[in-house]
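On a predicted model such as this, the values are computed, not experimentally measured, just so you know. Residue numbers begin at 1 in each chain, while the letters A, B, ... track the order of the sequences.
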Amino acid sequence: MCAAPVPAPSPTAPIVARCQELFDDLDFGAARRWKAAAPGRKVVAFMPVYAPRELVHAAGMLPLGIMGAGESLEVIHGDAYYQSYICRIPRSTLELGITGRLDFVDGFLFPSLCDVIRNLSGIWKLLFPKVYVRYLDVPQNFTPGMADEFWVHELQELREGLGKLAGVEITDDALRDSIAVYNENRRVVREVYAYRAAEPWQAPSSDVYLLMRAGLVLPVEEHTRLLRDWLAAARSEKRQRRDNTRIVLNGVFCEQPPLGLIKAIEMAGCYVVDDDFMLVNRLLIGDVPVEGDPLANLSTAYLTRSEETASKYQPDQAAKGQYIVDAVRRNGAEGVIFAAPSFCDPALLERPMLEERLDRVDVPYIGFKYAENSAQMQPVREQAGTFADSIKLWSTP
Amino acid sequence: MATLTAGIDVGTGCVKTVLFEHGGGAPRWLARSVDRIRQRDPYQLAADAYDAMLRQAGVARQDVAYVASTGDGENLTFTTGHFYSMTTHARGAIHLDGTTRGVLDIGALHGRAIRVDPRGKVQAYKMTSQCASGSGQFLENIARYLGIGQDEIGSLSQQGEAPEKVSSICAVLAETDVINMVSRGISAANILKGIHLSMAGRLASLLKGISVSEGTVLMTGGLALDTGLVAALRESLGGEKVRMEVKGHPDSIYAGAIGAALWGAFRHQKLAAQGRLAMAS
Amino acid sequence: MSKPESKAAGKSEVVKDLSMLKQKEMITRNYDALTSAPETGRKVAATFVPGNLNELIQVFGLLNNLPEINAIQNGMRKLSGDYILEAEKRGHSEDVCTYVKADLGSMAKGNLAPNGKPLPRPDVLLLSYTGCFTFMKWFELVRNEYKCPTVMLHVPYQGEGTTTRNMRDYIVKQLKQEVIPKLEQVSGVKFDIDRLRELMRESAKAEDDFVWVLETARHRPSPIDAYFGSVYYTGPIFTAFRGTPDASEYYRLLRAEIEERMAKGLGPITPEGDMKQQKYRLVVEGPPNWTSFREFWKMFYDEGAVVVASSYTKVGGLYDLGFRHDPDHPLESLADYAMGCYTNMNLPQRVGLLEKYMKEYEADGLLINSIKSCNSFSAGQLMMMREIEKRTGKPGAFIETDLVDPRYFSAANVKNRLESYFQMIDQKRRVASAA
Amino acid sequence: MKCFIGIDLGSTTTKAVVMDDGGKQLGRGITNSRSNYDTAAAVSKQEALIDARFTLFRRGLEGEAALAGRVDAFLAELERNFRHVQFLEQLDDLEATGVRHGAGLRFAGQEKPLRAALGEVFRQLRAESEGIFAPGAKRKSDFFRDIAGSRFMALGDAVCKEAGLSFDLLLNVYDKSIIEVENRPPAGAMEGKFLRALEKTLGATGQAAANGVAHRVQAALAIPLEEAYVVGTGYGRVRLPFPKEHIRSEILCHGLGAHIMYAGTRTVLDIGGQDTKAIQVDPDGIVENFQMNDRCAAGCGRYLGYIADEMQMGLHELGPMAMKSTRSLRINSTCTVFAGAELRDRLALGDKREDVLAGLHRAIILRAMSIISRSGGIRDQFTFTGGVAKNEAAVRELTKLVRENYGQVTININPDSIYTGALGGAEFARRAVQV
Ligand SMILES: Nc1ncnc2c1ncn2[C@@H]1O[C@H](COP(=O)(O)OP(=O)(O)O)[C@@H](O)[C@H]1O
Ligand SMILES: Nc1ncnc2c1ncn2[C@@H]1O[C@H](COP(=O)(O)OP(=O)(O)O)[C@@H](O)[C@H]1O
Ligand code: SF4
Ligand code: SF4
Ligand code: SF4
């Protein structure tokens, strides 16, 4: 490339910088400020991958997504609770708790993602008896009509628990309003993903990542605005398009890789056109109906129209793993990178089944493991780079 | 008209450079260099080594159509493009030996097994990471302890008749084992052979992981020069039901650089055909 | 009753009690039935141990093949290591549950039963999703091989420390509307609730004797080892035999034998004969290691350590807390059983239970055998240990092994840890007695 | 007099402590661990007994008017002379061994010049040995191998040049001989050596005073040191030629040793050459819990040793250099070897040595913090032992992290903490007989 003119300040930069700040802040200043802004406000945290945030929102509380503590927190106490052969996210989450970084959190929801998160709910109950802790046994029986009643009932118990915590009654109307607010958020989230898939050079994956992370700590209305602003800004700038390979990233739904890993993948010549980061933002597909019984609507949405992921059972053998092929096709990807947290049973047991699917349709893939504090990016660059190389060099021009 | 391409492999142990000429028939190898990095800045070293090689070949920088880096060379400022190590080692290995189906690249800190197709495409790989047990550096440390030169290791190890088992898997703590062995009067040959066998065991399992079962497995990287390791690897694969042959090559250490230079030529041609040459400069 | 009166320590052949012979015979017969299924035309269901529906499976005349038990068998026969490597070669991660890999690897290598004949393809996978997330992935993977029908039974976890009406209704609904119809379809047998009641009545009988046996560990000396030895005692009741007269007979024999041991003041039987002195009484949490089971056990009896209660012997039901299969409420009782097994209890409940055992069985300490690849058990065990130490004032010890992956059993490490632990208990006692 | 001895056979060094029946420490000895564990144990024990003699001399001389105010100086002189005598004796052995090896087949045709060269080197070594043990002279190490070795290299090189002989030959002879000499159990009779040293020391004193002093020293020498009980511990303990009841877990010994040094100790961190242990002890010094790292050099003493080699620095120089740092860099690699590579990269990129070193020290301590945390955290008082406790930068990082995470606990660091395990062992020996 010849001497480029001094680049104009990027209009997306300040938005991304704000998200980066939120991301870096392990004291959750934004949520703390929200809470302090009005008396009686409460914050309810939740773990990946799905929590009915509408219920928290409808009670006037702030849902706060916790994704571990990333790479910068030195874990000192967490190791007292977890052996070396258990993934990192529960220990760094505990570290956040023990060091008082979550002392403003009034409730904590642990969805049934895996046994580690499940058991963390018990640990939380023992260690933080003042916090409203609830384990969400999200149904795994997807046979029509089988789990609705159960789940609506569980949601009702949750609604009562949250209502008590907030000191309000969560009315159907409040719930309907919240559903509408989240519907809007889900739409914009999908728009961002679609935009990136269409023009990935315009939307660096680390930027999109930070935007989605912001959704876990900001009030939903603010997040929706932020995404809109970013889309407008991104569309107004022209970025250099590189000779990169388009890939789908899979397996990153719970413990998060360090930001550097996402950047390393892109630097090594890959455009990420789809991923499963922060699934909670878009687990439900399409709008949840606002009319009618809100709990039933939420339940039906989850049971019949939600994204597939390793932590959900697929009742139909023939359909098992098809979602990864669909993601490749839908987004025009040339390959798949499986990245999974070390010791993550859901992601690692899912992987061979997905690989088999991809083999059948000749989509190339690679896979590796990471931890939220993985330091060496060299092996990642090496593998992602070789992957991109081989697709690039062997594709017919 | 002949086209010149260069490959520069910036490793953790050594910097390797090669220069190739293309046009009519097989590519011709014009010049090469290999330098231990030791405590120096690898990028500066790469630039110096590259210029020295060009001087040796009587070529100016602008005469080279495509300069490809590999290894840790992504950030070199004077290159045209970068290829990742597995891509280049696969290609380099095919160049050195056309019957290659598996590549074992063992450098200063890493070990990788790569399955390649006859065109040099990477089909599968397995690598060690995070832990340096069984790498070149590990062997180097031991040799230093034993006071044995890099080039003596191979022949000495092959003299070992009663190899001593190395129990520690850690590259660092293995030294304690070795000190103990020395003081128990075990010969350097048997110690080295034992280490080679334990490294070979690990490498063999990498190889198994990529399921190569026939054809040539070419060792690339610096340790391919270690005949003792090659022999040990043959030995530990001996019991397997495989029809493959493990080989080293005198130019194995250049495999990455060679692959880079060759891919550079390929890319250059492709870009020229698409009229996109300017984009790559 | 034959008594291992003269067991010249070590080599001489171990004299087997009647109950042992009985169990051996039952297992052999069951494997023979399984491996001959292709000829006999009997249909086979595969399912998991915790909260299994063995009585229901039998109502339909199905044979019950439990992949966990096969993995244990392969572990004890030192085959699992190869199977695990095979599964890893086929793309499975080093990091995941080794039961799954031992099973998949075994399938890849002919899926041989201990009798040397191949296990049959299952006709139905009954996915009792109870107490462990990995079960779900496991059967998705197995289903991928066999392409056979799979029935999901989602058993809610006791997240809030209790079972609720809602949870029970959910299970019963699934049983009625999904599990039973599917099993009828697969087996061609009509569901007969009275047959189910009958089987459950038989179950309850065995359960009474089983509890009686476990509780004898309250005595000093304890006539049983409630971990190593009791792993055998749980066999029939946790697996394909619950509800059969065979199982009842087994527990009757066992009870009589233990009664006799107690009368004679004997300790537990071990592979090397009767255990002599009982210096330490322990409660153990977590499954044992199978690949070096004997070696592991020896580290205990050689030091005079007897296990008086364990949580692993509760994965197939907490009968000692009073649960019995109830012929009067068959489906509800199945639901309660499934929800009530140990792995389906939340962490505070597990802590409470171990604390209770520590106190009621007058244990000197808690030992946790943490399984590297089992998140269901292991995630949180360090916290459990601390909590028990705090509540009981008794020392805990933590060792790390694996179920069926021999690579993760480091005998030297485990021994070092155990020895230090026993010496520590000794020291404590000395100081206490000096004071 | 009854002596109770603890021997700690570490991966790098072997330590011994001699205690009297009142629990007072009489002496300490240290040597480098070698492949022959018996010898290492015997040498360290002998060193400790020698040290014990000096304690007895001191006790004996306390009332000696002739030495009023000069006891310390006198004993120091005596010790120097004693070490010198010992050194000369070992030199003789080394030379004799060397000559024997020089006559070996490998050196056929070169025996004569080799023998001459050896003679010359040892002549010079003896001559300069006076200087090595002169008052105030700083010795590189206390181990014969290190002192003799470094001087042998220096002198040998010159002698060979002179004689036109290959130094490699001489070196080879040395390498062969030193191992043999080092692994030879120490010669028994110490008394002669003491007397020779005494003679030499008294040479400088007046006659009258000398008589009195000699009398008292001889009286102290005559006190029999009876080995009442020996306890072995440490990494290599199972290979010690001791009956089982004389072996104690290193964990227990460290715990008890730390308790003896600082009675208020509740948490002990020991960072040795090959392992790091965190131990929780109760108010009586009994271990309640512990954690150790697995066989990985990251986070233990060898990590620093490796880094020192990598930077071509002495081990004892690392700490002081890291202390100069103003900002600690974050070291990303876990593996020691990768950390070495990262260090090179960082230096190449222009980072300052001291900052990189500070980062490395932080890394090792962070790993220790994680082990502490797994053992149950830090309780007041906290005692840091093992070889790495001598490293001030490690101590600084540790102190910082302890303060940040556990508040104002007392932190004990003792320069003699390397003897902690042996001290605990000695106390166990004492209790074995007394309790
Ligand atoms: N002649 C030789 N015999 C044995 N080993 C050698 C020889 N030459 C170099 N090596 C080893 O090769 C390693 C460097 O290999 P290389 O493939 O260049 O690694 P990297 O690419 O990581 O720099 C060094 O660790 C060195 O010890
Ligand atoms: N003077 C010193 N300065 C800094 N570190 C030291 C010093 N002496 C010893 N060490 C460290 O202590 C370690 C040996 O500790 P030690 O407790 O003797 O181990 P072990 O009991 O395993 O033999 C060495 O690896 C080294 O890192
Ligand atoms: S990373 Fe995987 S194993 Fe760990 S908590 Fe998340 S889903 Fe569970
Ligand atoms: S075991 Fe040794 S080589 Fe492996 S990571 Fe640890 S220090 Fe590095
Ligand atoms: S994770 Fe544990 S409970 Fe689950 S299948 Fe594996 S061993 Fe069994």
(request) Check each atom of Ala318(A) against the heavy atoms of chain C and say whether the ones under 4.5 Å are side chain, backbone, both or neither. (result) neither

(message) What I want to check is whether the side chains of Glu154(A) and Asn166(C) have a donor and an acceptor closer together than 3.5 Å.
(response) yes

(message) Check this for me: does any side-chain nitrogen of one of Glu285(C) and Arg350(C) sit under 4.0 Å from a carboxylate oxygen of the other?
(response) yes

(message) Testing the basics here: between Leu354(C) and Tyr342(C), what is the closest heavy-atom pair and its distance to 0.1 Å?
(response) CD1-OH, 4.0 Å

(message) Quick check on Pro346(A) against chain C: is it the side chain, the backbone, both or neither that has a heavy atom closer than 4.5 Å?
(response) both

(request) Report the option among Cys97(C), Gly161(C), Cys374(C), Ser370(C) that has the most heavy-atom pairs separated by less than 4.5 Å from atoms of chain A. (result) Ser370(C)

(request) Considering only heavy atoms and a distance below 4.5 Å, find which of Lys137(C), Gln349(C), Arg143(C) pairs most often with chain A. (result) Arg143(C)

(message) Taking side chain as everything from C-beta outward and backbone as N, CA, C, O, which of these in Met384(C) sits under 4.5 Å from a heavy atom of chain A? Side chain, backbone, both or neither.
(response) neither

(message) Can a side-chain donor-acceptor contact be found between Trp124(A) and Tyr135(A) if the only test is distance below 3.5 angstrom?
(response) no

(message) Tell me which of these, Thr134(C), Asp169(C), Asn144(C), Asn346(C), has more heavy-atom pairs under 4.5 Å with chain A than the rest.
(response) Asn144(C)

(message) Side chains of Ser373(C) and Asp402(C): any donor to acceptor distance under 3.5 Å?
(response) yes

(message) Let's test your reading of the structure: which of Glu355(A), Glu350(A), Glu157(A), Arg351(A) forms the most heavy-atom pairs below 4.5 Å with chain C?
(response) Glu350(A)

(request) Could you have a look at Gly91(C), Ser376(C), Cys148(C) and say which one has the most heavy-atom pairs with chain A under 4.5 angstrom? (result) Ser376(C)

(message) Looking at Glu356(A) and Arg360(A), is any side-chain nitrogen of the basic one under 4.0 Å from a carboxylate oxygen of the acidic one?
(response) yes

(message) What part of Val138(A) gets within 4.5 angstrom of chain C, counting heavy atoms only: side chain, backbone, both, or neither?
(response) backbone

(request) Taking atom types as modelled, find out whether Ser106(C) and Asn111(C) have a side-chain donor-acceptor pair closer than 3.5 angstrom. (result) yes

(request) Could I get the full list of ring pair (Phe, Tyr, Trp, His ring centres under 6.0 Å) partners for Tyr85(A), not counting sequence neighbours? (result) none

(message) At a 4.5 Å cut-off on heavy atoms, which part of Ala340(A) comes close to chain C: side chain, backbone, both, or neither?
(response) neither

(request) Before accepting this row, confirm whether a basic side-chain N of the pair Glu255(A)/Arg88(A) lies closer than 4.0 Å to the acidic partner's carboxylate O. (result) no

(message) If I measure from the heavy atoms of chain A, does Phe139(C) come under 4.5 Å with its side chain, its backbone, both, or neither?
(response) neither

(request) Using a strict cut-off of less than 4.0 Å between a Lys/Arg side-chain nitrogen and an Asp/Glu carboxylate oxygen, indicate whether Glu145(C) and Arg121(C) qualify as a salt bridge. (result) no

(request) Give, as side chain, backbone, both or neither, the part of Tyr129(C) having an atom under 4.5 angstrom from any heavy atom of chain A. (result) side chain

(request) Salt-bridge test for Arg168(C) and Glu332(C): reply yes if a basic N is under 4.0 Å from a carboxylate O, no otherwise. (result) no

(message) I'd like to verify something: which residue of Tyr82(A), Trp151(A), Phe142(A) has the highest number of heavy-atom pairs under 4.5 Å with chain C?
(response) Tyr82(A)

(message) Counting only non-hydrogen atoms closer than 4.5 Å, does Leu120(A) touch chain C with its backbone (N, CA, C, O), its side chain (CB onward), both, or neither?
(response) neither

(request) Heavy-atom distances under 4.5 Å only: say whether Ile171(C) touches chain A with side chain, backbone, both or neither. (result) neither

(request) Identify which of Ala310(A), Cys344(A), Pro90(A), Cys87(A) forms the greatest number of heavy-atom pairs closer than 4.5 Å to chain C. (result) Ala310(A)

(message) Quick check for you: among Ile86(A), Ile123(A), Leu94(A), which has the greatest number of heavy-atom pairs under 4.5 Å with chain C?
(response) Ile123(A)

(request) Specify which of Ser121(A), Pro139(A), Ser112(A) makes the most heavy-atom pairs with chain C at under 4.5 Å. (result) Pro139(A)

(message) Between Asn375(C) and chain A, with a heavy-atom cut-off of 4.5 Å, which part of the residue counts as in contact: side chain, backbone, both or neither?
(response) both

(message) Before you tell me yes or no, could you show the steps for Phe46(A) and Phe108(A) under ring-ring contact (aromatic ring centres under 6.0 Å, His included), namely the whole-Å CA-CA distance, both residues' side-chain angles and the distance that decides it to 0.1 Å?
(response) CA-CA 5 Å; Phe46(A) 62 90; Phe108(A) 210 144; 8.6 Å; no

(message) Tell me which of these, Pro348(C), Gly159(C), Gly380(C), has more heavy-atom pairs under 4.5 Å with chain A than the rest.
(response) Pro348(C)

(request) Identify which part of Pro315(A) has an atom lying under 4.5 Å from any heavy atom of chain C, answering side chain, backbone, both or neither. (result) backbone

(message) Suppose we screen for side chain to side chain contact (heavy atoms under 4.5 Å, CB included). Which residues come up paired with Ala69(A), at least two apart in sequence or across chains?
(response) Leu26(A), Leu73(A), Ser92(A), Leu96(A)

(request) Tell me, for Ser378(C) versus chain A, whether the close heavy atoms (under 4.5 Å) come from the side chain, the backbone, both or neither. (result) both

(request) Heavy-atom pairs under 4.5 Å with chain A are the metric here; pick the option from Glu94(C), Glu400(C), Glu140(C), Gln174(C) that has the most. (result) Glu140(C)

(request) Give the ring-plane orientation class for Phe150(A) versus His154(C), where under 30° counts as parallel, over 60° as perpendicular and anything between as tilted. (result) perpendicular

(message) Less than 4.5 Å to any heavy atom of chain C: does that hold for the side chain of Asp316(A), its backbone, both, or neither?
(response) backbone

